[in-house]
Amino acid sequence: MKRARKFLAIFFAVFFVVGALTTVYAKEPYKIGAVFAVTGPASFLGEPEKNTTLMLKDQINAAGGINGTPIEIIIEDSKSDETQAVLAAKKLLEKDNVLAIIGPSTTGESMALVPIMNAAKTPLISCAAGAGITQPVKERYWIFKTPQYDVSAVEAIYTHMKKQKISKIGIVSISTGFGDAGRKALLDMAPKYGMTIVADERYGPKDSDMTTQLTKIKAAGAQAVINWSVGPGQVVVTKNWAALKMGIPLYQSHGWGSKKNIELAGKAAEGVIAPLGRLVVWDKLHDTHPQKALLKKYSRDYEAKFKGEPGTFGGHAYDSLMMVVEALKKVGPDKKKIRDYIETKIKKWPGTGGIFNMSPQDHCGLDKTAFEMVVVKNGDWEILK
Amino acid sequence: MTVFLQFLFSGLTIGAVYAMVGLGFNIIYNATSIINLAQGEFVVIGGLVMWFFIESVKLPFLVSLVLTLLTTGVVALLMERLTIKPLKKTDLLLMIMITVAVSIVLRGLLMFKFGKEPYVYAPFTEGEPLQIYGAIIQQQTLWIIGITCCCIVLIYLFFSRTLLGKAMRACAVNPTAAKLVGINVERMVMISFVLSAIMGAIAGVAITPISLMEYDKGPMLAVKGFSAAIMGGLGRGRGSVIGGFIIGILESMTAGYLHSGLKDAVALIILLAVLFFRPAGLFGSKAMLQLRKF
Amino acid sequence: MSRGNRTAYIVFVALIILFPLLFGGSSYTISIGLFAGINALVAIGLSILMGYAGQISLGQAGFYGIGAYVSAILSTKYGMPVVPSLAAAMVTASCASVFLAIPALRLKGHYLAVATLGFGEIVHVALNEWGPGGPSGFGDIPHFSVFGYTFTTANEYFYLVWGIVAVVMIFSFNLINSRIGRAFRAIHDSELASNAMGVDVADLKVKVFILSALYAALAGGLYAHYITFISPGNFTLFYSVLVLMMVVVGGINNLWGAVIGSIFITVLPELLRKFEEFDVLAYGLILTLSLLFFRKGVVPLITEKLKKRSM
C-alpha cells in the first residue's frame, strides 16, 4: 500500500510540474481578426467565410499551430453594415490587438475600413471584390484582397461570347453593390470586345419576378442575356428565362457557382453559362492542375463539417487566411513583415480563387485566367473548352 | 402587344401578392384600427413552413397546406395574446412599434430555423405555360390570381353577410358600443389577427414556387401591401385588393416602358399622390376618414 | 429650464467631458459613443416632432441621407469646405421637408406615417439610382474641419458631436418652453382648439417638420465626415424605424428620452455581439419587452421613481 501511495505521489508531482511548466511556457497564441457579414443582406458571403475560417483554425491548431504556436481567430459580425464593420475593426485592433484582419465580406465595408487599417498600420486582406479596395495601390499600402476582379469575370464572359460570334447583348443586374459593380464592369469592357449593349435593366434584392426586364431585353434584339447578381435573384431570373423560352443563351456572374442554385432552379438551369472559380468544378480538373489538391481537400472537409458546399465565397476567406498563416510561418508576428511578405512573396500561389501573383502594383493578384467557363448540363457543372 | 401583355402578366402576379397582404392589413384594421407591420412576416412564414411540410416532412400537398395555415394562425394568435392584448390599444404609436418589434422577433426565429437561403417547392400543377398573343403566363400565376380572387370574394362575404364579420366591423367603429350590444371585442381582435395571418400565408404558399422564399422577404412586402391598402382606402377590403393589383401593374409597366431602376419609386410616388390628393383612398370616403379613431 | 432639467443638463455636460477622459484609450468605445451622439441628434428632432407637435414620421432616414449625401458630394466632388457643405446640406433637407410637410399637413395618424415612409423610401431609391457610385456608394469624404482645424480622431469627433448635441439641447429646451413650444403642445392636444385660439396650425406644423429635418441632416453630415465612406444602404426604412424606437423606448414626451433612447439602442447591438446569430432575435425580444413594460419610456419611469423618493 505504501508503495502504491508513493507511486501516486510521484505521479501527481510529475503531473503538476509538467503542467506548471507548460503553463508558464504556454505560447501566447497568434491573434488574427476577422470581420464577416454573418447576418444581414450579405450573409450569403459572411456565413461560408466564417465557417471556413473556423474549420481552418481547428485544422491548423490540431496540427500544432504555426511553428508550435496556436492561432486564435476572433470573428466579429458586421451585420453587412459599414458602421458595424468599423466598430468591429476598431474592437479587434484595440481590444484584441490582432496581427491582421481578414474580411470584410462586402466592398462598401472594406472601403470604410481602408483609412482605419492604414492608420493602424495593420494588414487587411479583404474578401470583397471591388476594384477600389486595392486601387490606387499607393493609397492601399496595408490593404489586399483575394476575390477576383469583377472585370476579370466580365472579360472571361466576353471572350467566350466573341467565340460564339455574339455581339449584341442585354444585361440585367441587381441594384446592390455587387450587381452595380458588375454592371459597371460590363459597360466598361464592352467596347474592347466589340459588344453592343442593347438593353440595361435592373431589379431589387427582394423582387419576385423579372419577366418584364427579360421581355424588354428580348424585344431589343439581344443575342444573349447576362445576369449579374447573387442570392435568390439569380434563380428567379433563370426560371423566368426558361419560362419565357427566350431562345438566347443566359450567362450568369461568378456568383452563380453553387450547386444550390442548380437545385433551386431545377430544369430551368440547363444550358446556363458562367465564369466560375475552380472550386466548384475541382472534380472536373486535370489531376496535375496546381489548384486541384487543395480544392479537393477544402471542398471535402467543408462538406463533411457543414453539410453544404463552401461556394466561391467561402474560398475567399480560405485564401485570405492562408496567406496570413503562411506569412506568419515565414516571418513571425510582425505586422509590417506580414504585409511585406504578402506583397512580395505570394507568387504563383495556388488558392481557391485562382493562382495568385501579388506585387507592389497589384494587391489582388488574379486575372481572367482565374476562371473556367462552365455550363450546366444534366444538373451538373461541365467545363467548356 | 406581346410585350405589353407580358408586362401585364408580370404585374398581375406580384400584384396578387400585394393584394393579399393589403387585404390582411385591412382585416386587422377593420376590427382594431391597428396597422400590423408584421403582416409581411406571415407571408414568409406561409412559404417557408409549407416548404417544411412538403419537402422536409414530405406530407401530401393538401395536408401540408392545412398544417401551414394552422401554424401561421397559431403564430398570429400568440402575437395577439402576448403583445397586443396587454397594451389595450393605449397609443397608436406604441402599437405600431410593437408590431415592428414583433416582426423583428419573427424574422429572428425564421432565420434561426431556416437560415438565410431561399427555398422552393414544385408549383401546384406542372405543365406548359399558356400562351396568349405570344405572351407567356405560367400555370402557377393563374393559381395565384385565382386564389386571390377567391379569397377576396370570401372575405367580402364574410364581412358583409355573416354575423361574425359584421360584429368585427362594429368593434373597429366603436368598441364600447360593440361591447354594450354583447360583442366579445377581445375575441374579435384575436380572430382578425388569425384571419389576416391566414391571408398572408396563402399568398406566401402560392408565390414561393415562382419566386422562392427567404426569411427576410417580409418588410418589403409589408410596405408594398400597406401602400396597396392605403391606396384603396384603409378599411375597404375591395379597395386594397385593387390597390395591390394597381401597384403591381404600375411597377411592371414602369420597369417595362420607362426605367427598371425606378419601379419601386413609382409605386411610392403614386402612393404619395393618392395620400395628398385623395387621402381617403381611391374608394374610401372622406366622412369615414374623419370618423375613425386613428 | 426647470430645476430638474438644469441639474440633469449639468450632469450631462459633465459626463460628456469625462467620458473620453475615462475611456479615451479605446477608439472602439469612443466610436460607439459618438455614433450614439449622431443618432441622438436625429432622435431629438423626431422627439420634438412627435412628442410635442404630435406628428409621426417614418422617414427621418430620408433627411439623414440627404444631409450625408449633399454634404459629402459638395465637399468631395466640388471641393467645398466642410462647414459650408454641411450648411448647404441642412438647407437642402429643409427644402425637402417643406415639400413633404405642406401636403402632409392634412393627413393624420396612419396616413401621415405612410406619407413620411413613402418619402424616406423615395429618397433611398433616388440615392441608389443617382447617388455617386450608385448602390456601391462612394468614399474619400474629407473629415470635418473648421477654421483650419481638422477633426480626425475618435476622441475629437466625440467632443464635436456631443458638443453639438449639448448646444442643440439648450436650443430645443428653450424652444419648448417658449411661445412656439407651447403652441406645439397645443396643436398636439387639439388642433381644433389651437386654431380657434388663433394659432397658425398649418404654419407651425411645417416649421416643426423643418426643424426635425435640420437636426437629421446635421447628424447625417457629421456621420459622413467621420466615416468617410457612405452608401445608400445606411439610409433605409430600417434606420427610420430605429430612430423611432429610440424615441419611443426613451420616452416620447421629453428630450432626455431621445438621448437615453439613442444611447440604449446604439449600445445594445454591441452588447449582443457575443450572441452572434441570435442577436437579431435577442434584439427583437428586448425591444418587444421594453415596449411592453416601459410603456411611457425609460426616462419617465426613472423620473417617477425619483419623484416618489423625494416625496
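The chains referred to below are lettered A, B, ... by the order of the sequence lines, with proteins before strands, and numbering in each begins at 1. Predicted, not measured: the structure shown is a model, and the values here were computed from it.
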Answer yes if the side chains of Asp209(A) and Thr13(B) hold a donor-acceptor pair under 3.5 Å, and no otherwise.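 Side-chain D/A pair, Asp209(A) to Thr13(B): absent.
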Which residue pairs pass the ring pair (Phe, Tyr, Trp, His ring centres under 6.0 Å) test with at least one member in residues 243-271 of chain B, sequence neighbours excluded?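 Those involving residues 243-271 of chain B are Phe7(B)-Tyr257(B).
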Minimum heavy-atom distance Thr212(A)-Ser10(B), with the two atoms named: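 Closest heavy-atom pair between Thr212(A) and Ser10(B): OG1-OG, 3.2 Å.
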Exercise: identify the closest heavy-atom pair between Lys217(B) and Asp207(A):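 That closest heavy-atom pairing would be NZ-O, 4.3 Å.
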Please flag which part of Glu128(B) lies under 4.5 Å from any non-hydrogen atom of chain A: side chain, backbone, both or neither.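 Interface part for Glu128(B): side chain.
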Given that the side chain runs from C-beta out, which part of Gln131(B) has a heavy atom under 4.5 Å from chain A: side chain, backbone, both or neither?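 Neither part; nothing is under 4.5 Å.
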Is there a side-chain contact between Gln6(B) and Leu214(A) in this structure, where contact means two heavy atoms from C-beta onward sitting under 4.5 Å apart?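 With C-beta onward as the side chain, the pair stays apart.
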[X] [atom1] to [Y] [atom2] distance, which is reported to the nearest 0.5 Å:
| X | Y | atom1 | atom2 | value |
| --- | --- | --- | --- | --- |
| Asn261(A) | Glu117(B) | CG | CD | 11.0 Å |
| Ser208(A) | Ile210(B) | OG | CD1 | 9.0 Å |
| Ser252(B) | Gln213(A) | OG | CD | 7.5 Å |
| Leu264(A) | Tyr121(B) | CG | OH | 13.0 Å |

Sort out for me which of Val3(B), Leu221(B), Leu212(B), Ile207(B) touches chain A most, counting heavy-atom pairs under 4.5 Å.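 Ranked by heavy-atom pairs under 4.5 Å with chain A, first place is Leu212(B).
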Segment of Lys260(A) engaging chain B (4.5 angstrom heavy-atom cut-off):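 For Lys260(A), side-chain heavy atoms alone lie under 4.5 Å from chain B.
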Could you tell me which portion of Ala243(A) (side chain, backbone, both or neither) has an atom closer than 4.5 angstrom to a non-hydrogen atom of chain B?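 Both parts, backbone and side chain.
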Let's test your reading of the structure: which of Val236(A), Thr215(A), Val235(A) forms the most heavy-atom pairs below 4.5 Å with chain B?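 Between Val236(A), Thr215(A), Val235(A), the count favours Thr215(A).
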Are the side chain of Lys239(A) and the backbone N or O of Pro209(B) linked by a donor-acceptor pair below 3.5 Å?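 Here the side-chain-to-backbone pair exists.
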Any sub-3.5 Å donor-acceptor pair from Lys206(A)'s side-chain atoms to Met220(B)'s backbone N or O?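 Checked: no pair found.
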Just wondering, more than 12 heavy atoms not from [X] lying within 6.0 Å of its [atom1]?
| X | atom1 | answer |
| --- | --- | --- |
| Phe112(B) | CZ | no |
| Trp143(B) | CH2 | no |
| Lys259(A) | NZ | yes |

Within 45° of the axis and under 6.0 Å from the centre of the six-membered ring of Phe4(B), does NZ or CZ of Lys216(A) qualify?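 Because its charged atom misses either the 6.0 Å distance or the 45° angle limit, Lys216(A) does not stack over Phe4(B).
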Lys/Arg N to Asp/Glu carboxylate O, Lys263(B) vs Glu201(A), below 4.0 Å: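 So Lys263(B) does not pair with Glu201(A) through a salt bridge.
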